[in-house]
Amino acid sequence: MRREIKILMLTNMLCLMGYALMTPLYPLVAANYNISESVLGLIFSLYSQANVISIPTLPFIFSKINKSILLKLSISLDAACCLIFGLIGHIDNKDLFIIISASARFIQGITNAITSTITYSMAVYFSDKGSIKKNIGLMELSASTGLAIGPIIGSFLFHFFGFETPFIVLALLKIILVVIIVKKLIVVESQCKKSNFCRSIFNYRIFISFIAVVITLATVNFYYPVLGTYLNRKFHLSAELCGVFFVVQTFSYFLSINLIEKVHELFGTKMTMGLGQFFNFLFVLMLPPIRIFPSSVIMSVIGLTGLGMAEALSTIPSVEDFMNTLRDDLKIEETTANDLSSAIYNFGVNLGDSIGPVIGGYLTENNGFDRACFFISVINILWFFVFTLSSLKIIKKQISKKDEEEKNASKRRTRLNGFGVSTTKVELTGYQSDFEVGLKRQMIIGKEKKGKEIRGTYEMNGTNLYQRMMTAEY
């Protein structure tokens, strides 16, 4: 594994640890101010809201401001927010406590949007051709690790050293991280000064993959606020044992990373993501086992394991799909395509993270956990059919386009050879170039078998013949 990927994983993990650290500890100090649950929930939700609001603007910002500066600044601001939360218990005024908490949480969300978008983009840049999906999976794993160990380490430090210690330690770690980035990481800047997030995300091929990411993340997050209560009531499990269940999905996701490449080789990008959508439908039904499955803790574990695998199948291939579409279909420069694909992916992830728990809580409160899972599974199977049909349409169009290009290339070769000159010989003989409408137009100068000179023009885009053989004259 490259050094740069390790640094990016560490960055992603520490970033998400700050998010997760709040969950068990902040309510403890907030209770001293008699803050209502609704206000507390609003403060927590500001993180995801800041992500969703800020991510669409990032590709434009990256084209104007140095990404290296933004990355270091965002991590430094995140460290400052950690210090604020560590010392916030010393504030006496309740209203001031709420305002500072909400502001720091919102800023944390913005810094996470900047950091995650840059790190994912850099992970793609530092990947070899066959390792993009693996490195994106490792980035997701580092994020999941931060979410998992944040509360554990935070609770340990809180128990022995008090409330301030976990936040101060994390702030110091992030400052050290900035130093490591300055010394060891080269941040590649965008070469293109124009990038349109909205135009990119509403490209048909990108949009269906984006919706697949949103639905998948909503599916694997909808049970977060309610699963522990369900397991406690249904199977009388302790709170500690219920917490272990949330690690099952992360562990399954980790094991599935190496599986993605093999499945992708067999089915391709779209069909691999479609398989993940179908698994979402199937394994959600096992969380509260329906009548065709026996009701047991084991079935719930199988359901969580399957959802971890479904998440990997549905989301990991999407980044490369976004990047290829931006680069090949929309003709966007590579580093800018990396930034946009990372932004689109993180936007989908955060949007799914935001709406999943809200939908899950609402459905469970009004219909019960069993019916909530059934509704979520129905949404997934309906989307599976839509996604599959759309993907088949895209694949068919790509095959037709490829066949047409090969047919046209064959015609051009035939016309060239009609003058008694091989294509290779003509290209090696010489040419004159000019540029028109972003395409490379070349004048070929060759020799016919009888010694007569011929001239012809063709247009190129990159290394591929783009238009017809124009004329040939003696």
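The first residue of the sequence shown is numbered 1, and numbering continues consecutively from there. Because only heavy atoms are used, hydrogens play no part in the values below, and waters and symmetry mates are left out as well, while side chains stay in.
In this structure, Asn221 contributes its side chain and Leu217 its backbone to a donor-acceptor pair below 3.5 Å. The backbone N or O of Ser54 sits less than 3.5 Å from a side-chain atom of Thr57, completing a donor-acceptor pair. In this structure, Thr388 contributes its side chain and Phe385 its backbone to no donor-acceptor pair below 3.5 Å. Listed for the Tyr33 side chain is a donor-acceptor partner under 3.5 Å among the backbone atoms of Gly89. Panel note: side chain Asn51, backbone Gly109; a donor-acceptor pair is recorded below 3.5 Å.
Looking at Ser300, Ser256, Ser252 one by one, the single match for side chain to side chain contact (heavy atoms under 4.5 Å, CB included) with Thr305 turns out to be Ser252.
Met17 is not listed as a side-chain neighbour of Leu21, based on a closest heavy-atom distance of 4.5 Å or more. Using a 4.5 Å heavy-atom threshold, the side chains of Thr165 and Phe158 count as separate. Residues Ile91 and Ile100 have side chains in contact (heavy-atom distance under 4.5 Å, counting atoms from C-beta outward). Between Val319 and Met323 there is no side-chain heavy-atom pair separated by less than 4.5 Å. Residues Ile394 and Ile208 meet the side-chain proximity criterion, which asks for heavy atoms closer than 4.5 Å.
Judged by distance alone, the side chains of Ser342 and Thr117 never bring a donor and an acceptor atom under 3.5 Å apart. Between the side chains of Ser127 and Lys134, no donor N or O sits under 3.5 Å from an acceptor N or O. Neither side chain, Thr219 nor Asn280, offers a donor N or O lying under 3.5 Å from an acceptor on the other. Using modelled atom types, one finds no donor on one side chain facing an acceptor on the other under 3.5 Å when comparing Ser48 with Asp353. Counted by atom type alone, Ser68 and Lys72 present one or more donor-acceptor pairs between their side chains at under 3.5 Å. With hydrogens and angles left out, the side-chain atoms of Ser101 and Tyr26 include a donor and acceptor closer than 3.5 Å.
Atom CD1 of Ile181 is separated from atom CG of Leu71 by 4.5 Å, given to the nearest 0.5 angstrom. Here the OG1 atom belonging to Thr11 is positioned 7.5 Å from the CE atom belonging to Met139, to the nearest 0.5 angstrom. A distance of 11.5 Å separates CG in Asn203 from CG in Leu340, rounded to the nearest 0.5 Å.
Remark: Asn32 CG is packed, more than 12 non-hydrogen atoms of other residues, nucleotides or ligands lying under 6.0 Å away. Counting non-hydrogen atoms of other residues, nucleotides and ligands closer than 6.0 Å to NE2 of His90 gives a total above 12. In the displayed structure, Tyr204 atom OH is contacted under 6.0 Å by more than 12 heavy atoms of other residues, nucleotides or ligands.
Ring centers of Phe281 and Phe278: under 6.0 Å apart, within the cut-off. Remark: aromatic rings of Tyr345 and Tyr120 are close, center separation under 6.0 Å. In summary, the aromatic rings of Phe197 and Phe347 are positioned with their centroids under 6.0 Å apart.
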Would Glu320 and Thr269 count as a side-chain hydrogen bond (donor to acceptor under 3.5 Å, both in side chains) here? Give the steps.
CA-CA 9 Å; Glu320 188 172 5; Thr269 301; 5.7 Å; no

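Heavy-atom minimum distance, Leu326 versus Ser341: CD1-N, 3.7 Å.
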